[in-house]
Enquirer: 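Dropping the structure in here first, questions after.
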Amino acid sequence: MDFTLKLKQEMKLSLTQEMKISMNILQMSSSNLKDFIEKEAMKNPMLEVTYSAPSSKYSSDEETPSPFDFIIEEKTLIDFLEEQLGYLKISPKIKSICEYVINNLDDRGYLSMSKLEIKKVLKASTAQMKEAMDIIYSLEPTGIGAENLKENLKIQLMAKNITDEKLFYLIDDFLEELGDRNYSLISEKLNISVEQIEDYLDIIKTLEPIPARGYFVGNKTNYVVPEAKIEIIDDELVVILNEEAIPKIKISSSYESTNSLADKNNMYTAINLIKSIEKRYITLERVLNQLIIKQKDFFFKGKDFLQTLTLKDIAKELNLHESTISRTVRDKFIETPQGMIAIKSLFLLNSECLEIKKTIEDLVKSEDKTSPLSDEKISLYFKNNGCNVARRTIAKYREELGIASTRERKRK
């Protein structure tokens with residue numbers, strides 16, 4: 001995968017080969033890493049690969065799980081986007097435009113045809129097209145539906161409430177120069193210092209050049225190899241890494257070196273690969289050990305007890321960059337007392353929002369259908385229970401949950 005914003009603009013942010021391999025391996029799931037190791041071993045005679053049977057420390061004492069226990073039907077990106085769309089109260093025309101856009105995304109999450117073409121095909125007005133695209137840009141993952149890299153980056157910046165005109169100008173007109181580190185030209189054209197350019201570069205590096213990364217674009221039934229098992233032992237949560245998920249590698253003792261340049265390159269690659277895999281294990285274990293602390297109630301009691309938690313929170317605890325945490329949890333699953341889950345599902349931006357929505361659902365389910373609760377009455381319920389939630393917020397959450405209005409819910 002490309003971590004240097006090198007999409008069509010051929011960005012060339014300088015990373016050593018060692019760093020690239022290390023980041024790539026950190027991001028891989030166990031199954032992908034296994035395939036990668038086997039391919040490397042075929043190319044590199046310095047590498048010796050051995051496979052081990054599952055150990056008792058990872059397998060359950062009661063029963064060895066069937067591989068079919070770990071088959072998960074993944075939602076596609078289209079499913080995920082259409083589900084979010086379903087929560088919004090929009091006109092049929094705007095919804096049809098949004099659905100058309102969603103079904104015309106490529107595997108990166110970019111539009112496969114221009115907005116102008118879509119407008120012509122659907123006979124949509126300029127205002128309708130703008131309204132629909134604004135809705136698309138509000139969906140997760142942020143940046144979805146952009147026509148190109150530049151637009152994608154700007155959508156993500158606006159979602160972060162960053163509206164620096166010079167930064168936008170830099171992205172629009174000097175992205176290639178930025179990749180080539182032609183700072184003197186940029187400095188002259190934008191009338192900013194090199195330090196400011198580097199600050200802008202740091203911001204850009206936090207953005208995702210491929211918004212669909214980590215999501216399945218087509219239909220896929222995925223065989224999940226758990227990265228670790230979270231067990232309760234003596235009322236304590238314990239992380240047990242699944243080290244048997246990938247083969248062991250070492251420098252081959254049988255290979256006869258000739259001290260050629262090819263041998264030196266192979267040795268360097270082999271050592272770097274071994275170090276990168278070890279670093280992956282260490283980072284993954286550190287992250288999981290923090291997660292069992294931060295989300296302890298979830299592991300013991302279930303999903304209703306998830307707490308607000310962001311990548312930034314874990315990054316701060318471990319003194320790592322937020323992007324490192326993102327790569328560590330991406331596309332990885334763990335076996336827990338609550339079943340097989342994606343690690344990224346343990347991150348929650350606003351648990352209070354979920355709690356409010358759940359309460360709204362519960363109140364509506366138990367209401368008298370001949371006299372359903374108004375948004376104002378639900379707001380009053382929260383206020384009487386020590387939580388101020390505005391009527392407008394109740395209406396918003398109710399619509400996001402797909403719950404009809406009071407009048408529409410009333411039974412005669």
Side-chain angles (χ1 to χ4, degrees), residues 72-90 95 98 135 138-142 144 159 214-215 230 232 237 288 290-314 329 333-411:
I72 293 180
E73 187 73 32
E74 288 291 335
K75 278 185 182 178
T76 67
L77 176 62
I78 291 174
D79 291 335
F80 183 54
L81 293 169
E82 288 185 338
E83 181 180 335
Q84 294 176 69
L85 200 60
Y87 291 140
L88 304 177
K89 194 172 183 179
I90 53 179
K95 187 175 182 180
C98 290
I135 291 169
S138 73
L139 303 179
E140 292 290 338
T142 309
I144 216 77
Y215 292 86
I230 309 298
I232 301 173
L237 292 167
L288 290 177
Q290 275 298 312
L291 287 172
I292 63 174
I293 294 171
K294 299 291 186 182
Q295 298 291 17
K296 181 178 179 179
D297 286 348
F298 161 78
F299 293 106
F300 281 102
K301 301 176 185 178
K303 66 179 182 179
D304 290 341
F305 294 86
L306 277 171
Q307 302 298 311
T308 299
L309 185 67
T310 65
L311 296 174
K312 189 175 182 179
D313 294 332
I314 298 296
V329 304
F333 290 76
I334 51 174
E335 192 181 348
T336 79
Q338 303 301 327
M340 182 74 70
I341 63 166
I343 301 177
K344 67 183 179 183
S345 68
L346 294 171
F347 292 89
L348 188 64
L349 292 179
N350 191 343
S351 61
E352 185 184 49
C353 167
L354 288 186
E355 289 169 11
I356 292 171
K357 285 184 177 181
K358 185 176 185 303
T359 302
I360 293 172
E361 280 187 305
D362 292 342
L363 288 172
V364 170
K365 281 179 184 177
S366 59
E367 71 184 359
D368 179 357
K369 299 303 178 187
T370 61
S371 181
L373 296 169
S374 66
D375 295 338
E376 188 64 47
K377 286 181 179 178
I378 295 175
S379 175
L380 184 61
Y381 169 87
F382 280 104
K383 186 176 182 179
N384 291 338
N385 284 273
C387 180
N388 287 320
V389 185
R391 182 198 58 77
R392 211 177 304 176
T393 303
I394 297 294
K396 175 188 173 187
Y397 288 167
R398 175 178 54 74
E399 289 170 4
E400 288 177 356
L401 288 165
I403 297 173
S405 66
T406 308
R407 180 178 57 79
E408 292 170 321
R409 298 200 311 273
K410 187 173 182 177
R411 290 179 187 167

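Start at 1 with the first residue, then count along the sequence. Worth knowing before you read on, the calculation uses all heavy atoms, side chains too, and leaves out hydrogens, waters and symmetry mates. Remember, predicted model here, so these are calculated numbers, not experimental data.
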Enquirer: Might you point out which heavy atoms bring R391 and S379 nearest each other, and give the distance in Å?
Expert: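 Looking at all heavy atoms of both residues, the shortest contact is N-OG, 3.7 Å.
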Enquirer: Is there side-chain contact between T406 and L373, with at least one heavy-atom pair below 4.5 Å?
Expert: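 SC-SC contact between T406 and L373 ruled out.
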Enquirer: Can you give me the closest heavy-atom contact between F80 and E140, atom names plus distance?
Expert: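 So the two residues come closest at CE2-O, 3.2 Å.
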Enquirer: Does some side-chain heavy atom of F382 sit less than 4.5 Å from a side-chain heavy atom of I360?
Expert: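 Yes, side chains in contact.
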Enquirer: Going by heavy atoms in the side chains, are L291 and I334 under 4.5 Å from each other?
Expert: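 When only atoms from C-beta onward are counted, I334 and L291 do not touch, as no gap falls below 4.5 Å.
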Enquirer: Would you say Q307's side chain and F305's backbone share a donor-acceptor pair under 3.5 angstrom?
Expert: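 Indeed, once roles are kept as given, a pair shorter than 3.5 Å links the two residues.
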Enquirer: Is there a donor in the side chain of D362 and an acceptor in the side chain of T359, or the other way round, less than 3.5 Å apart?
Expert: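 There is no such pair between these side chains.
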Enquirer: What heavy-atom pair brings E335 and M340 nearest, and what distance separates the two atoms?
Expert: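 Reported closest heavy-atom pair: N-SD, 4.0 Å.
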Enquirer: Please determine whether the number of non-hydrogen atoms from other residues, nucleotides or ligands lying under 6.0 Å from atom OH of Y381 exceeds 12.
Expert: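 It does not: Y381 OH has 12 such atoms or fewer within range.
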Enquirer: Does a side-chain heavy-atom distance below 4.5 Å link L81 with C98?
Expert: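 Sidechains of C98 and L81: no contact.
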Enquirer: Could you check whether any side-chain heavy atom of K369 comes within less than 4.5 Å of a side-chain heavy atom of V364, counting everything from C-beta outward?
Expert: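 Heavy-atom side-chain distance check passes, below 4.5 Å.
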Enquirer: Counting C-beta onward and ignoring hydrogens, is there a side-chain heavy-atom pair between S405 and R398 closer than 4.5 Å?
Expert: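 Yes. Closest side-chain heavy atoms under 4.5 Å.
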Enquirer: Can you give me the closest heavy-atom contact between L306 and S345, atom names plus distance?
Expert: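 Heavy atoms only, the tightest pair is CD1-O, 3.9 Å.
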Enquirer: Closer than 3.5 angstrom, by distance alone: can the side chain of Q84 be matched with the main-chain N or O of L139 as a donor-acceptor pair?
Expert: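 No.
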Enquirer: In the structure I gave you, are the side-chain heavy atoms of I403 and R409 within less than 4.5 Å of one another anywhere?
Expert: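 Side chain of I403 against side chain of R409, heavy atoms only: contact under 4.5 Å found.
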Enquirer: Please name the pair of heavy atoms, one in F299 and one in I232, separated by the smallest distance, quoted to 0.1 Å.
Expert: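 Of all heavy-atom pairs spanning F299 and I232, the closest is O-CD1, 4.4 Å.
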Enquirer: Taking all heavy atoms of A404 and all of E408, pick out the closest pair and write down the distance.
Expert: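 Reported closest heavy-atom pair: CB-OE1, 3.5 Å.
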